[in-house]
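The model shown is predicted, which means the values in this text are computed figures rather than measured ones. Read the numbers this way: they start at 1 and go in the same order the structure lists the ligands and their atoms.
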Amino acid sequence: MTDGTTFTRAIVCPPADSYATGLTTARLGPPDLARARAQHVAYVAALEAAGVQVTTLPSHSDHPDGTFVEDTSIVTAKGAILCRPGAPTRAGEVVAMRAALELLLGEELDAIVEPGTVDGGDICQAGSHFFIGLSQRTNEAGADQLARWLDRLGYTSSTVTIRDDPTLLHLKSGLVWLGDQQLLAVPSLAAHPALSAYDVLTVPLDELYAANCVRVNDVLLVSAGYPRITATLAAMGYQVVPLEMSEFQKMDGGLSCLSIRVP
Ligand code: CIR
């Protein structure tokens with residue numbers, strides 16, 4: 001078992017009544033709201049079992065994608081910054097998150113500003129280094145602002161362009177840090193030069209959705225239904241916790257999107 005960041009708190013937001021009207025490219029059919037809420041309850045229970053105190057924000061019908069809280073902010077051990085989501089329909093989510101995070105952290109937050117856009121899902125922290133995904137949601141101006149902010153905090157960063165891979169909405173749809181030098185990546189990213197200093201475990205082509213797992217303290221939350229990568233991770237010593245994610249996958253969401261983890 002390797003070492004990752006230790007998280008003590010997390011912020012989540014259950015799916016809103018309007019959840020099915022959110023953004024999606026998945027073509028997996030409309031989500032079942034009751035099932036999505038049940039899957040969210042199981043996700044929160046898994047966070048709590050991993051030793052995290054969970055703050056649950058109220059959902060709001062004006063924010064159908066509001067359950068994907070990860071995209072609204074980036075929280076590190078040295079400070080937090082509010083994102084400016086690349087999808088204009090998601091701008092209002094940041095307003096609600098600012099109030100919640102400032103209360104939780106007891107400090108005023110920095111923010112990505114126009115013309116920059118950054119979705120938190122494009123930001124993959126690997127210890128003291130951050131990979132910043134350049135995507136349909138995160139632009140160069142946003143990435144530059146974020147890189148300068150991270151530098152002021154003493155972190156390093158590098159960019160990874162994912163715009164040529166239509167299967168990746170966000171960088172963390174295909175790249176996750178598991179602790180120490182270990183990354184998990186989809187095949188299209190595995191050989192990226194920015195990852196060359198790391199050990200990269202590649203997700204099988206028929207299990208791509210499982211790439212978006214999330215390390216929370218001693219456990220690794222993994223989407224249920226992906227036996228090959230789950231077996232590999234378990235054999236490597238990770239304490240794997242499988243979670244049903246079908247109703248979030250229908251809306252292009254994954255495990256990391258459902259929480260902001262606070263060190
Ligand atoms: C969206 O398209 O913005 C949402 N339906 C899904 C966001 C998923 N977030 C993430 O991967 N970090």
Please work out which of the three classes, parallel, tilted or perpendicular, describes the rings of H129 and F131, given edges at 30° and 60°. perpendicular
Closest protein heavy atom (residue, atom, distance) for [atom]:
atom: atom 4 (C) of ligand 1; result: D65 OD1, 3.3 Å
atom: atom 12 (N) of ligand 1; result: D71 OD1, 2.8 Å
atom: atom 10 (C) of ligand 1; result: C257 SG, 2.8 Å

Does the gap between the ring centers of F248 and Y209 come in under 6.0 Å? no
Enumerated ligand 1 atoms positioned under 4.0 Å from heavy atoms of E70: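 That gives atoms 12 (N) of ligand 1.
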Should you measure from each heavy atom of R137, which atoms of ligand 1 turn up under 4.0 Å away? 1 (C), 2 (O), 3 (O)
Of the backbone atoms (N, CA, C, O) and the side-chain heavy atoms from C-beta on, which set of L23 has a member under 4.0 Å from an atom of ligand 1: side chain, backbone, both, or neither? both
Would you kindly specify which portion of K172 sits under 4.0 Å from ligand 1, judged on non-hydrogen atoms: side chain, backbone, both or neither?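 For K172, there is no contact with ligand 1 at all, from either part.
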Can we say [X] and [Y] salt-bridge, meaning some charged N sits less than 4.0 Å from an Asp/Glu carboxylate O?
X: D110; Y: R148; value: no
X: D71; Y: R90; value: yes
X: E247; Y: R35; value: yes
X: R261; Y: E70; value: yes

Taking atom types as modelled and ignoring hydrogens, do the side chains of N217 and T6 form a donor-acceptor contact shorter than 3.5 angstrom?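 Per modelled atom types, N217 and T6 side chains form no pair under 3.5 Å.
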Looking only at side-chain N and O atoms, does D122 offer a donor or acceptor that is under 3.5 Å from a partner on S135? yes
I want to confirm something. Looking only at heavy atoms, which of Q249, M251, K250 is nearest to atom 6 (C) of ligand 1?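 Checking each option, the heavy atom nearest atom 6 (C) of ligand 1 is found in M251.
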Proximity flag T24 to ligand 1, non-hydrogen atoms under 4.0 Å: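 False for this residue.
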Within the structure, does H170 bring an N/O atom to less than 3.5 angstrom of an N/O atom in ligand 1?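 Right, the criterion is met.
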Could you tell me whether some N/O pair between R90 and ligand 1 is separated by less than 3.5 angstrom? yes
